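Numbering of residues begins at 1 and proceeds along the displayed sequence. Owing to the predicted nature of the structure, the values given are computational and were not obtained by experimental measurement.
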Amino acid sequence: MNWLTDKIEFPPYHQTSGEGVIAFGGDLSEERLLCAYKNGIFPWFSEGEPIVWYCPLERMVLFPEELRISKSMQKIMNKNDFEITENKAFKAVIFNCKHVVRSDGFGTWITDTMEDAYMRLHEIGVAKSIEVWFQNELVGGLYGIEINNIFCGESMFSTRSNASKLAFIHLVKSAKYKIIDCQMYNEHLASLGAKEIERSRFLKILKEK
């Protein structure tokens, strides 16, 4: 078990557990979070637990050219009923990601400490959000971290059917990123073309400029 010290560093990759855990503890300072993401590591833990840092052996990613848009989704997009913005309501997006009721049971893993940490990253221009609006109401969105030419997705929410998919498709089609990091396997994102690749391949892409 690797417990972090005050020094901003992480253990070598070969010490990662089979579940993808590479370390425990530390803090969510801007310096440590940036160090983590630049090395393919991200935090994932629940309120009242020590911070758990992950670097999965297989990484869920989407290469923009492999994006799949269903015919039904394309029809929704063609109607232009939704407005999509970037970085206009980051605080509201992360709040909704934290509090929205999910069918998979996830959502509460965004702790108060984590929410504050990503707000600070947004203030320095590292954390980004995509917002989806319907009749001036925020109905979906996502947020994540921008590292070089990679977008490391953290969470998404939807209070109206397909709103989170619209946010994700907008992100991919923006042509700003060579890869979208989805972290862990997710059927929702797999339906859009995301797939698992070996960690070594992901880390190689991450290190490219």
Side-chain angles (χ1 to χ4, degrees), residues 2 4 9-24 26 28 32-45 51-70 73-74 86 97 102-107 109-110 114 118 121 126-130 140-158 162 164-209:
N2 300 300
L4 299 180
E9 64 179 8
F10 288 89
Y13 296 114
H14 72 264
Q15 293 185 20
T16 306
S17 73
E19 294 75 31
V21 177
I22 193 169
F24 295 89
L28 295 178
R32 194 181 298 275
L33 281 169
L34 288 174
C35 176
Y37 281 97
K38 288 177 180 178
N39 286 283
I41 299 166
F42 59 89
W44 190 20
F45 62 102
I51 301 171
V52 185
W53 300 90
Y54 286 83
C55 190
L57 301 179
E58 292 190 328
R59 197 75 167 219
M60 188 75 167
V61 303
L62 183 125
F63 294 94
E65 64 273 16
E66 296 180 4
L67 174 67
R68 293 200 301 263
I69 302 175
S70 66
M73 196 68 216
Q74 188 62 57
E86 299 182 11
C97 287
R102 303 174 190 273
S103 59
D104 58 12
F106 290 107
W109 61 269
I110 302 177
M114 185 174 282
Y118 287 90
L121 289 180
V126 176
K128 311 284 186 176
S129 64
I130 304 293
L142 60 82
Y143 77 95
I145 305 298
E146 190 176 81
I147 299 293
N148 296 329
N149 294 318
I150 292 180
F151 186 88
C152 304
E154 273 300 311
S155 186
M156 57 174 58
F157 84 96
S158 181
N162 299 302
S164 60
K165 282 187 177 181
L166 285 171
F168 186 78
I169 291 170
H170 175 86
L171 175 74
V172 177
K173 292 174 73 68
S174 69
K176 294 179 181 179
Y177 309 104
K178 58 185 176 184
I179 190 173
I180 308 298
D181 172 24
C182 306
Q183 298 181 346
M184 311 286 276
Y185 182 84
N186 179 302
E187 288 186 7
H188 178 69
L189 296 178
S191 70
L192 290 166
K195 64 183 180 182
E196 291 183 313
I197 63 173
E198 292 186 357
R199 179 175 65 190
S200 58
R201 183 183 177 192
F202 172 74
L203 293 175
K204 182 179 179 181
I205 297 171
L206 182 63
K207 299 298 183 181
E208 294 174 353
K209 300 295 184 181

Nearest 0.5 Å please: distance from the [atom1] atom of [X] over to the [atom2] atom of [Y].
X      : Y      : atom1 : atom2 : value
Asn186 : Met60  : CG    : CE    : 6.5 Å
Cys152 : Tyr143 : SG    : OH    : 12.5 Å
Cys55  : Gln183 : SG    : CD    : 10.5 Å
Ile197 : Ile205 : CD1   : CD1   : 4.5 Å
Arg59  : Met184 : CZ    : CE    : 9.0 Å

Without swapping roles, check the side chain of Arg68 against the backbone of Ala194 for a donor-acceptor pair under 3.5 Å. no

Identify the heavy atoms of Tyr13 and Thr16 that sit nearest to each other, and give their distance. O-OG1, 2.7 Å

If you compare all heavy atoms of Leu206 against all heavy atoms of Asn39, which two are closest, and at what distance to 0.1 Å? CD2-C, 3.8 Å

In plain terms, say whether Glu146 and Lys176 are close enough for a salt bridge, that is, a side-chain N and a carboxylate O under 4.0 Å apart. no

Are there over 12 heavy-atom neighbours, none belonging to Lys173, within less than 6.0 Å of that residue's NZ? no

Taking CD in Glu66 as the centre, count heavy atoms belonging to other residues, nucleotides or ligands within less than 6.0 Å. Is the count above 12? yes

Partner of Phe10 under ring-ring contact (aromatic ring centres under 6.0 Å, His included), chosen from Trp53, Phe24, Tyr37: Trp53

